[in-house]
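Everything on this sheet refers to the single structure shown next.
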Number of protein chains: 2
Amino acid sequence: MANDSTLKTSHTQENYLKALYHLTLEKKEVTVNDLAKRLDLKMPSITSMMQKMANEKLIKYEKYKPIKLTEKGKKEAAIIIRKHRLTEMFLVEKMNFGWEEVHDIAEQIEHIQSQKFFQKMDDMLGHPALDPHGSPIPDKYGNYKQLDQKTLDQADLNTTVVVIGLTNSSDDLLRFLNSKGIKLGSEMVIVEKEPFDGSMKVAVGKKEMMLSSTVSAQLFFQVKK
Amino acid sequence: MANDSTLKTSHTQENYLKALYHLTLEKKEVTVNDLAKRLDLKMPSITSMMQKMANEKLIKYEKYKPIKLTEKGKKEAAIIIRKHRLTEMFLVEKMNFGWEEVHDIAEQIEHIQSQKFFQKMDDMLGHPALDPHGSPIPDKYGNYKQLDQKTLDQADLNTTVVVIGLTNSSDDLLRFLNSKGIKLGSEMVIVEKEPFDGSMKVAVGKKEMMLSSTVSAQLFFQVKK
DNA sequence: GTATTAAATTAGATTATCCTAACAAATATT
DNA sequence: AATATTTGTTAGGATAATCTAATTTAATAC
Ligand SMILES: [Mn+2]
Ligand SMILES: [Mn+2]
Ligand SMILES: [Mn+2]
Ligand SMILES: [Mn+2]
């Protein structure tokens, strides 16, 4: 009874796992405070959940030390992320949602318990490697292929680049990009770079526009060859 | 603060509402005991939830008296049922699931909060009136069109009938029908009726088979004209 | 290296949901 | 009607997830 492997990770814990996974990729040292901010909870809530998740061997946790996912925790997290990103892709590709509309729905659907449901999505989509925002979709075993990509603020003057992903997919960023007509696959030429504030002028097709460093630092690119 | 109309009905309460709605159609007098059995909970849990839901004006409830849904409760219930049935239809029509596979997934997806998500399903499906098991889908305002249908055990000898629905869609029934090759729209001739146990022999195409009254009482039919 | 600040933990409550045990009311049976 | 049975309620407790307030530990700044 103590070690029933059919015990289901709760909805809530799945969200903790995901947050931990993402923070780990961002920072390597994840603290109680980081998690509290990410999940918009108070620190005591985090501490107490960390104690519980450590018991369940999802994380390694010692008082006052940084939090680490175990292999088990990593795998479970990656599988939720897979379900999230497959869902986003499904919503965009098969149900005609805009890329700025899908995150909140995926945040809920990622918790559906049905391997077959996500298997069908995956099949219908032809086993996509990336979600609609250019982020990699872990495989069904929880393996994650991290692409290390450079952001647009590091692109050289006069090169032609292709936008291939986003560091994050906040509604605000996505709507900003929509308004500028920028999407994944968009090509642009780096026309000017302003060293003072890091802003740049780019040409997307015939349209020229200024991008602040705030924006350009959130776009992954590849040099067009 | 006391009357915040944005307060969301919980996952749990949505399931209570649905159960109440279905039981009301089945029995007209719904008791604490009925609900306890339907939801597989103990009676004290029901009593205490009924007290809470009465406070929230979802039901009318007085100690020891049968439970009634309010208009508000009925509407909310019908909207969950709508989401459930649209989901089942979507899974069958757009994702190629078998009709016996969709209920458990729909049981979860019905709780997703996103009008737009279900709106898209509805559009993609062309605003279906019935779910894959022949049950009516309430409209988006919570209006329910109850069809009063007769079950196959009441069909006359030698008539040709079409199966148009099921009184319930338990896995067991659906798998039995699959094994017999019976689905919605199947035509059959009533070849023999055995008064002793209520069983009947029917011809589905060229195949003749016996249906017990247990089965025939779960199939809605229409006379083929 | 002491003092200050920030981060983390503990203690103790709260809300939601569900349970068992004990009791009460309503129904059914002699 | 008196008794037995079934149904429903109350009392009191458990677990999950969260919070505020108080306290402790660690990190930073003088
Ligand atoms: Mn997302
Ligand atoms: Mn989520
Ligand atoms: Mn169903
Ligand atoms: Mn449900």
Side-chain angles (χ1 to χ4, degrees), chain A residues 1-4 6-20 23 26-68 73 76 80 107-108 111 113, chain B residues 1-4 6-20 23 26-68 73 76 80 107-108 111 113:
Chain A
M1 279 301 142
N3 239 331
D4 186 339
T6 65
L7 278 179
K8 283 276 167 286
T9 308
S10 71
H11 206 186
T12 306
Q13 283 190 14
E14 288 184 348
N15 286 333
Y16 274 85
L17 284 173
K18 251 194 349 167
L20 273 167
L23 283 167
E26 292 164 30
K27 314 195 43 192
K28 290 303 135 78
E29 290 272 275
V30 181
T31 66
V32 168
N33 201 224
D34 293 333
L35 249 188
K37 280 172 185 148
R38 183 59 58 94
L39 291 172
D40 197 23
L41 296 173
K42 305 300 179 181
M43 280 196 291
S45 308
I46 307 298
T47 300
S48 116
M49 184 60 94
M50 292 307 95
Q51 290 163 349
K52 192 197 278 193
M53 288 174 73
N55 264 352
E56 294 165 12
K57 309 287 183 214
L58 293 166
I59 59 168
K60 261 171 303 217
Y61 170 69
E62 293 170 83
K63 280 186 179 196
Y64 302 108
K65 298 260 192 69
I67 304 155
K68 311 274 183 199
E76 287 205 27
I80 311 298
E107 200 57 56
Q108 301 175 65
H111 306 290
Q113 316 267 182
Chain B
M1 279 302 144
N3 238 329
D4 186 340
T6 66
L7 280 179
K8 282 279 168 287
T9 308
S10 73
H11 206 172
T12 306
Q13 284 191 12
E14 289 185 347
N15 285 333
Y16 274 84
L17 284 173
K18 249 193 353 163
L20 273 167
L23 283 167
E26 292 164 29
K27 315 196 41 196
K28 290 305 136 85
E29 290 274 276
V30 181
T31 66
V32 167
N33 201 224
D34 293 333
L35 251 188
K37 280 173 185 146
R38 183 59 59 94
L39 291 172
D40 198 23
L41 297 172
K42 303 301 178 178
M43 280 197 292
S45 307
I46 307 297
T47 300
S48 114
M49 183 60 94
M50 291 307 95
Q51 290 163 349
K52 192 198 277 194
M53 288 173 75
N55 265 350
E56 295 165 10
K57 308 289 183 211
L58 293 166
I59 58 168
K60 259 169 302 215
Y61 170 69
E62 291 171 86
K63 278 187 178 192
Y64 301 109
K65 298 259 192 72
I67 304 155
K68 310 276 184 196
E76 286 204 29
I80 311 299
E107 200 57 55
Q108 301 175 65
H111 306 289
Q113 314 265 184

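These figures come from a predicted structure and were not determined experimentally. In what follows, chains are A, B, ... by sequence order, proteins preceding strands, each numbered from 1.
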Q) Across the strands shown, which category fits Glu62(B) at heavy-atom distances under 4.0 angstrom: base, sugar-phosphate, nothing? A)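 Since no nucleic acid heavy atom lies under 4.0 Å of Glu62(B), the category is nothing.
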
Q: Check whether more than 12 heavy atoms from other residues, nucleotides or ligands sit under 6.0 Å from atom CD of Glu62(A), and answer yes or no.
A: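 No, not enclosed.
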
Write out a two-atom table: protein N or O, nucleotide N or O from nucleotides 5-8 of chain C, distance below 3.5 Å.
from, atom 1, to, atom 2, distance (Å)
dA8(C), OP2, Asn33(A), N, 2.8

Q) Is the shortest side-chain N/O distance from Gln51(B) to OP1 or OP2 of dT10(D) below 4.0 Å? A)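 Indeed, a polar side-chain atom of Gln51(B) lies that close.
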
Distances under 3.5 Å between nitrogen or oxygen atoms of protein and nucleotides 13-18 of chain D:
from, atom 1, to, atom 2, distance (Å)
dA17(D), OP1, Ser10(A), OG, 2.7
dA17(D), OP2, Lys52(A), NZ, 2.6
dT18(D), OP2, Tyr16(A), OH, 3.2

Q: Name all pairs fulfilling the side chain to side chain donor-acceptor pair (under 3.5 Å) condition that reach into residues 46-57 of chain A, sequence neighbours left out, sorted by first residue then second.
A: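 Qualifying pairs, neighbours excluded: Gln13(A)-Glu56(A).
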
Q) Quick one: side chain to side chain donor-acceptor pair (under 3.5 Å) pairs with a partner in residues 26-37 of chain A, sequence neighbours left out? A)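 Counting only pairs at least two positions apart or across chains, the side chain to side chain donor-acceptor pair (under 3.5 Å) contacts touching residues 26-37 of chain A are Glu26(A)-Arg38(A), Lys27(A)-Asp34(A), Thr31(A)-Asp34(A), Asn33(A)-Lys37(A).
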
Rounded interatomic separation in angstrom, taking [atom1] from [X] and [atom2] from [N]:
X        : N       : atom1 : atom2 : result
Asn15(B) : dA16(C) : CG    : P     : 17 Å
Met50(B) : dG8(D)  : CE    : P     : 12 Å
Glu29(B) : dT27(C) : CD    : P     : 10 Å
Asn55(B) : dT15(C) : CG    : C1'   : 14 Å

**Q.** Test side-chain contact (heavy atoms from CB on, under 4.5 Å) applied to Glu14(B) and Lys8(B), His111(B), Glu76(B), the passing residue
**A.**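 By the side-chain contact (heavy atoms from CB on, under 4.5 Å) criterion, Glu14(B) pairs with just one of Lys8(B), His111(B), Glu76(B): His111(B).
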
Q | Listed partners of Lys60(B) passing side chain to side chain donor-acceptor pair (under 3.5 Å), at least two apart | A |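 Lys60(B) satisfies side chain to side chain donor-acceptor pair (under 3.5 Å) with no residue once adjacent residues are dropped.
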
**Q.** Contacts of type side chain to side chain donor-acceptor pair (under 3.5 Å), residue Lys68(A), not counting sequence neighbours
**A.**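 By the side chain to side chain donor-acceptor pair (under 3.5 Å) rule, Lys68(A) matches no residue at all.
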
Q.
With heavy-atom distances below 4.5 Å as the criterion, would you say the side chains of Leu41(A) and Tyr16(A) are in contact?
A.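 Counting from C-beta outward, Leu41(A) and Tyr16(A) do come under 4.5 Å.
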
Q. Heavy atoms, side chains only, cut-off 4.5 Å: are Leu17(B) and Thr9(B) in contact?
A.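 Leu17(B) vs Thr9(B): side chains touch.
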
